[in-house]
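Take a look at the structure below.
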Amino acid sequence: MIYGNGAAMGFAPDQVDRMSFWQFRACIDGFNKANGAEETIPPPTDAEFDALLQGKSLNVD
């Protein structure tokens, strides 16, 4: 999993090996922020949550 995350960020396995944990974690945080992972997703409404529990699709096209 660590090498996979490193590869997704463009690091070779030997580069990941040379990083400390906190350096690697900082890379992950920066990569996520640069790629929009800091956006918050609103929680479902009560009606949406109930629909999910009942197995209904929320996509109404």
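Qualifying side chain to side chain donor-acceptor pair (under 3.5 Å) partners for Q15, counting only residues two or more places apart in sequence or in other chains: none. Qualifying side chain to side chain donor-acceptor pair (under 3.5 Å) partners for D46, counting only residues two or more places apart in sequence or in other chains: none.
Grouping Ile, Leu, Val, Met, Phe, Trp and Tyr residues whose side-chain heavy atoms lie under 4.5 Å apart, directly or via other members, places I2 in a hydrophobic cluster with Y3, M9, F11, V16, M19, F24, I28, F31.
Residues R18 and Q23 come closest through the heavy atom pair O-OE1, 4.2 Å.
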